[in-house]
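In what follows, chains carry the letters A, B, and so on, assigned in the order in which the sequence lines appear, proteins first and then strands, with residues in each chain numbered from 1.
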Amino acid sequence: SSWWSHVEMGPPDPILGVTEAYKRDTNSKKMNLGVGAYRDDNGKPFVLSCVRKAEAMIASKKMDKEYLPIGGLADFTRASAELALGENSEAFKSGRYVTVQGISGTGSLRIGANFLQRFFKSSRDVYLPKPSWGNHTPIFRDAGLQLQAYRYYDPKTCSLDFSGAVEDISKIPEKSIILLHACAHNPTGVDPRQEQWKELATVVKKRNLLVFFDMAYQGFASGDINRDAWAVRHFIEQGINVILAQSYAKNMGLYGERVGAFTVICSDAEEAKRVESQLKILIRPMYSNPPLNGARIASLILNTPDLRKEWLVEVKGMADRIIGMRTQLVANLKKEGSSHNWQHITDQIGMFCFTGLKPEQVERLIKEFSIYMTKDGRISMAGVTSGNVGYLAHAIHQVSK
Amino acid sequence: MAASIFAAVPRAPPVAVFKLTADFREDGDARKVNLGVGAYRTDEGQPWVLPVVKKVEQLIANNDSLNHEYLPILGLPEFRANASRIALGDDSPAIKENRIGSVQSLGGTGALRIGAEFLRRWYNGNNNTATPVYISTPSWENHNSVFVDAGFKDIRTYRYWDAAKRGLDLQGLLDDMEKAPEFSIFILHACAHNPTGTDPTPDQWKQIAAVMKRRFLFPFFDSAYQGFASGSLDKDAWAVRYFVSEGFELFCAQSFSKNFGLYNERVGNLTVVGKDADNVQRVLSQMEKIVRTTWSNPPSQGARIVATTLSSPQLFTEWCDNVKTMADRVLLMRSELRSRLEALGTPGTWNHITEQIGMFSFTGLNPKQVEYMIKEKHIYLMASGRINMCGLTTKNLDYVAKSIHEAVTKIQ
């Protein structure tokens, strides 16, 4: 008999399951609003021009394939820190930070989680917003931490339950870990306004919490990299030494290249060196050292003035298309004669939109209209185009009128 | 501001092999030689991007239909199937019977880690942190960390290297297997044992397999040098395939870092061989969950290169050729070093240098002699006496041989 007879079949991934079902559907009008990867207005994957240029430059240099250091490509990690913190950041200029290359957002979160499990002895509790990205929970759990929640999304208004969040966060035991989405909250698309961020920073500081920022959409949310990093920078300026996971999957379209970074803001450069040494000890038994290809592309883009300029234009282009689709969806819903308030669709930001649709309505969208999304009513705006936004509005109206 | 939460974080010691390279880089002596980290070097002492890899990268770059979309969680299908086929053989009964699975991983390390994480959760019942894990002594130093960090609480060693006779301590190895608790996990080097370069013969592998079968020990192969060791893919996979033919369920962590020279692209594969398709499917579904919380999905560039190469008969032949080039140069350096040491009359026997296989050689130099080599001769090698044969070139052979001779005769 087998060693594995007792191994249970793992449940299918809910998000990927959506794409599987979409692929099987033969309806020509079908729409995939499940997984969060950007699509252009023709519904096609988009390889940024600055990425192609960077790739051509790299190919012409004929570099070797030697192992990267455990902490990754130095030019990349430095540029990544600067992008997040801002070139004028005191924390950046003083060198009181360490940034290591991670396997996109997931890998960077995981390094952080493992680091906390090993060195953050004050608490085992990580507080996530309700709801959060589905993968946050198993990442922290597998790292040996426990999950708690604070109120965040208000389903009645499809917007931020700010007073609920402040109330809950004010009660979090001191020295616990709190995870915040820096911008373009996944899955709701609901972000605090700057005034609200200021208040959150005050509460967090009062409770002496360890802040873990997840920033997977810098530039991709508003189209402005500085605006999207405002919360992270504000917290640091307030004296909160945050830890941060970054992803370049969406904002540079480098999904499959797995480009990310994990940063710890420290008291001083000496502490940063000690922390760095421990991060390496964690990374080595996971995968030894990170993949080069994507980091090289990202590094070239961030560090070459012309390419960086081009990137900023392109990431704004992606953000603008999404914002445009939000506007068009609301306009089309009005045209369909929907009497509901769909303002949250344009109030929300980033790739995802929490429509407010109920599971039964989602079921109908899938079965009757071949429009695929996750059961929680989340749609990926990236899957909406000027060609299908009318059809989407029509379908949503049909199931919600 | 309150004291930092990280104020008490101690400074961790650097990973030895990388510190060695760092020290080598800072050394200004013109005679310096780096016999430390395990990466192939040409006779000019340069890294070597395989010609077939350059060709395939060009094909990929010219292919406008390719993009940077996410790979599936378990990796690129064409890569997974081909990678496992390379390890198990085209005519593998396990493949024919559809009872194998593959997980594209970040290098050999990543494959080991995913396998370890799975075993800790699912082997021999649930939550098996107490299952003894046996690692050869010596072994690649990261093996220990992989299994410790995966949560195993009882890591043990099995005898392997006989320092006195400079060869395999087969009796010690078999003894340790007899005494190991049933169901223990054993990490086996498929070929080109790191760091000793000493492999069991086919006959010895048969003896090992017999004990493991009788005592229900789980084989977890680490295959980082297939093709690179002897120059023949099939020969280097003999042990893994023998175990499969003997009906074992096993894991094999494969690395394409060395045999494809794709070090920094992190190309690896965890091959799972089970009793039947149903078992393997359930195992993979659970491995998927582990992958999802570790890196979500693997990097695409390296997998594309390997998949493209392995699925084209012509490119595959070119690759085998490139691999043989590397293996042959290593074999040449082995015989050249040995003959020089013997010509110098260096005390001791040196046949182990040609009898050992793969990238590394356990010279037998003790820590004091190693220190002499580094400090006085600017020749960098691991404290264990391990040298990377790839660091030898026709230009530095004489210097290295003379230095070893000095170290052995001056230092005890």
Notebook entry, point to check: Can you name the side-chain contact (heavy atoms from CB on, under 4.5 Å) partners of A/K62, sequence neighbours left out?
Noted result: none
Next item on the list: Below 4.5 Å from any heavy atom of chain B, which atoms of A/L109 appear? Answer side chain, backbone, both or neither.
Entry: neither
Note to self: What part of A/R258 gets within 4.5 angstrom of chain B, counting heavy atoms only: side chain, backbone, both, or neither?
What the structure shows: side chain
Notebook entry, point to check: Below 4.5 Å, heavy atoms only, C-beta onward: do A/Q278 and B/P10 meet side chain to side chain?
Noted result: yes
Check: Which atoms of A/R141 come close to chain B, meaning under 4.5 Å heavy atom to heavy atom: side chain ones, backbone ones, both, or neither?
Finding: neither
Next item on the list: Indicate the atoms forming the closest heavy-atom contact of B/R11 with A/K273, along with that distance.
Entry: NH1-CB, 3.8 Å
Notebook entry, point to check: Is any NZ, NE, NH1 or NH2 atom of the basic residue among B/R41 and A/E66 found under 4.0 Å from an Asp or Glu carboxylate oxygen of the other?
Noted result: yes
Next item on the list: Look at the aromatic rings of B/F216 and A/W3 and report parallel, tilted or perpendicular, splitting at 30° and 60°.
Entry: perpendicular
Notebook entry, point to check: Is the count of non-hydrogen atoms from other residues, nucleotides or ligands lying under 6.0 Å from A/K175 atom NZ greater than 12?
Noted result: no
Check: What part of A/V259 is in contact with chain B, defined as an atom under 4.5 angstrom from a non-hydrogen atom: side chain, backbone, both or neither?
Finding: neither
Check: Measuring heavy-atom distances to chain B, does A/L210 have an atom under 4.5 Å in its side chain, in its backbone, in both, or in neither?
Finding: side chain
Margin query: Counting only non-hydrogen atoms closer than 4.5 Å, can you tell me which residues of residues 107-115 of chain B sit against chain A?
Written below: B/T109, B/G110, B/R113
Item checked: Interatomic spacing from CD1 in A/I103 to CG in B/N297 - rounded to 0.5 Å -> 10.5 Å
Check: Which bit of A/A37 comes within less than 4.5 Å of chain B, counting heavy atoms only: side chain, backbone, both or neither?
Finding: side chain
Check: At a heavy-atom separation under 4.5 Å, does A/P290 approach chain B through its side chain, its backbone, both, or neither?
Finding: backbone
Notebook entry, point to check: Does a side-chain N-to-carboxylate-O contact under 4.0 Å join B/R292 and A/D142?
Noted result: no
Margin query: Please classify the contact between A/V47 and chain B as side chain, backbone, both or neither, with a heavy-atom cut-off of under 4.5 Å.
Written below: side chain
Checklist line | Part of A/Y67 lying under 4.5 Å from any heavy atom of chain B | finding: both
